[in-house]
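Comments concern the structure below.
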Amino acid sequence: MKQGARAEQQEDQVGKAGGKITPRETDYPQWYQDVIREAELAEPAKVVKGCMVIKPHGYAIWEKLQRDLDGRFKATGHQNAYFPLLVPQSFITKEAEHVEGFSPELAVVTHAGGEKLEEPYVIRPTSETIIGYFFSRWIESYRDLPLLVNQWANVMRWEKRTRMFLRTTEFLWQEGHTAHSTHEEAQAEVMRMLDVYGDFAEQVMAMPVIRGIKTDSERFAGAVQTTCIEALMQDGKALQAGTSHDLGQNFGKAFNVMFQTEAGGRDYVWQTSWGVSTRLVGGVIMTHADDSGLVLPPRVAPIHVVIVPIYKNDEERSQVLAAAESIRAQLADVDLAPPRSRHRDFIEVVIDDRDLRPGNKFYMWERKGVPVRVELGPKDLAKGQVCVKMRVDTAAGRGKEFIAQNEFVATIKERLDRFQDELLRIARERLQERSRTIDTWDEFLAAFAGEKSTFAWCHWDGTRETEAKIKEQTRVTIRCIPLPGHGPAPEEGRCVFSGNPSARRVLMAKAY
RNA sequence: CGGGGCGUAGCGCAGUCUGGUAGCGCGCCUGCUUUGGGAGCAGGAUGCCGGAGGUUCGAAUCCUCUCGCCCCGACCA
């Protein structure tokens, strides 16, 4: 935290009910933490290094993400299962690259039941190994394939540096694991799930993403190829929001997962794995939130509408609350889920009848990112209207609007859908504005000076050495080599760093 | 693992230099008045001053040793 920002924050907290949110301009990382604290999404666990407590409002967002994703996994033929938290240490060492990649960040259980264990367990950093082991027991014939499972779980990686939601020692995620009889089929699975993630990010989180392939140095430890979705955060940095890996036969060989082919031979299975984590919550924050706090797209909002009753005496209070309850009951039947969705998404309404002044409530709910606020007082009852304020001024509503009650109820779905679309449109515009082609090293240095970042489309000579040097000098990494339709069309050019020939531009940015 | 910061009331902090028996703001509780953008007044509760040793008549404060957390880098969903 910067000294100035802290002093300012303390001063501003004096005499106020809630804490202060540092403006993004002043100190972006501090803003991020302030939003999380003020929206009551999570807090550092303190007593457990690098871990966080996800508070009810934060967890409710995760549950919404989870529910939608789960429906998409099932719609693509996957089933949920659950594997042990602890993995025999020897399992991790069976795949050479996998050991190397994960060893430094493992937490190991050496004692249990009051005794030293013969073989230590590691707390899963990911489950390829133990799932590989069970796949080898479950798969005998090509008739057992494809095997498509997903696990919702917690995992643990002892990272050197943690940030709430973006990188914590323990985090929640989903990991899909599949086994196929041919490489082509596995590759198709990898792309199918990448598309699931990409569509989900855009349609549900209103977070536009670039789909691409990781370079060798950024590839998952043990994978043949890693594909990813990358999102632009408001500070110009990139967030890897999801990955889908082609594991080839690497784990098949390591865990002897063989099957009898249709032709009667024997072969190792071709596997994939794919995952997204609670990091997505960080993505929502850094895509939409503003200096007043969190902003939630309706499809991830646990609460869509908050009604703040306004009254001067008990009689008005009971009248207003009765009217509020009637509106709540009508809204509660509205299903926001898109057609053909696997689940229903009814509007959640909170009537905030706490004994606080309305202004105080307005600030609180704004910080929590609730999309729609309704003020309801005696004047509104007299006129049969409601006072509506959207969390952010967009084409879906600006300022305080006074609308007939029945009209408000009748159009709430359109209003929320429109708001969802507007947030996506704004995020897309930002992505466009912050994306640029860069061809000279001077221009590159200027674009990434200090803490600055942007989505830079640059030519790269394809070597690990160049990639490493760029990273060393600027902290900029190659986020991905874009898939067709993502980023500029392929064109020959010269590497922004080395000047050597390049076949296409890649996405470069500083990353979370 | 390097660099920086910090452990004192639920939260944020002052007090530490210059030892003298713990304070401010917010929040919390009670009451009254309030309620369309962060309410006002009056009363009230809350502390093993991170832990362990030491120095001293006396330690939040000085000395030694520890434990932990946060932030900034290198590593990564």
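So you know, we letter chains A, B, ... as the sequences are listed, proteins then strands, and number each from 1. Because the structure is a prediction, the values reported are computed rather than measured.
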- Scan A:R475 against the nucleic acid and name what it touches under 4.0 Å (heavy atoms): base, sugar-phosphate only, or nothing. sugar-phosphate
- A:A322: side-chain contact (heavy atoms from CB on, under 4.5 Å) partners, not counting sequence neighbours: none
- Item | For A:D353, all residues meeting salt bridge (charged side-chain N to carboxylate O under 4.0 Å, His left out), sequence neighbours excluded | A:R317
- side chain to side chain donor-acceptor pair (under 3.5 Å) partners of A:Q473, counting only residues at least two apart: none
- Query: Between A:F362 and B:G37, do the rings stack, that is, sit under 5.5 Å apart with planes less than 30° off each other?
  - Reply: no
Please write out the pairs of protein N or O atoms and N or O atoms of nucleotides 67-70 of chain B separated by less than 3.5 Å, giving the distance to one decimal.
from: B:C69; atom 1: OP1; to: A:K49; atom 2: N; distance (Å): 2.9
from: B:C69; atom 1: O2'; to: A:K46; atom 2: NZ; distance (Å): 3.4

- Counterpart residues, salt bridge (charged side-chain N to carboxylate O under 4.0 Å, His left out), relative to A:K64 (two or more places apart): A:D345
- Item | Whole-angstrom distance between B:A52 and B:C6, as gauged at atom P | 23 Å
- Task: Scan residues 277-286 of chain A against RNA chain B and write down, sorted by residue number, each residue with any heavy atom closer than 4.0 Å; if none is found, say none.
- Result: A:S277, A:R279
- Can you find a donor-acceptor pair, distance only, under 3.5 Å between A:E366 side chain and B:G38 base? no
- Message: Assess whether a salt bridge exists between A:K214 and A:E230, defined as any Lys/Arg side-chain N lying under 4.0 Å from an Asp/Glu carboxylate O.
- Response: yes
- Between A:R219 and A:K160, who's closer to the 5' end of RNA chain B by nearest nucleotide? A:K160
- Message: Before we go on, tell me: are the rings of A:F91 and A:F255 under 6.0 Å apart, centre to centre?
- Response: yes
- Message: For the aromatic rings, using the six-membered ring if either is Trp, is the centroid distance between A:H57 and A:W62 under 6.0 Å?
- Response: no
- Are the charged groups of A:E189 and A:R192 less than 4.0 angstrom apart, N to O? yes
- Query: Can you list the residues that meet the side chain to side chain donor-acceptor pair (under 3.5 Å) rule with A:R24, with sequence neighbours excluded?
  - Reply: A:Q234, A:D291
- Applying ring pair (Phe, Tyr, Trp, His ring centres under 6.0 Å), which residue pairs with at least one partner in residues 359-382 of chain A are found, sequence neighbours left out? none
- Message: What's the gap between B:G53 and B:C17 when it is taken at their P atoms, as a whole Å value?
- Response: 22 Å
Can you pull every protein N or O that's under 3.5 Å from an N or O on nucleotides 31-35 of chain B?
from: B:U34; atom 1: O2'; to: A:R357; atom 2: NH1; distance (Å): 3.0
from: B:U35; atom 1: O2'; to: A:Y311; atom 2: O; distance (Å): 3.4

- Which ones in residues 372-391 of chain A lie close to RNA chain B, meaning a heavy atom under 4.0 Å from one of its atoms? A:R373, A:E375, A:G377, A:P378, A:K379, A:D380, A:C387, A:K389
- Message: Checking A:Y512 now: which residues fulfil ring-ring contact (aromatic ring centres under 6.0 Å, His included) with it, not counting sequence neighbours?
- Response: none
- Message: Test of understanding: with salt bridge (charged side-chain N to carboxylate O under 4.0 Å, His left out), list the residues that count as partners of A:R391, not counting sequence neighbours.
- Response: A:D290
- What does A:T168 touch in the nucleic acid at a heavy-atom separation under 4.0 angstrom: a base, only the sugar-phosphate, or nothing? base
- Judged by atom type as modelled, is there a donor-acceptor pair below 3.5 Å linking the side chain of A:E375 to the main-chain atoms of A:C387? no
- Message: Using the six-membered base ring of B:A77, report whether A:F171 stacks on it, requiring centroids under 5.5 Å and planes under 30° apart.
- Response: yes
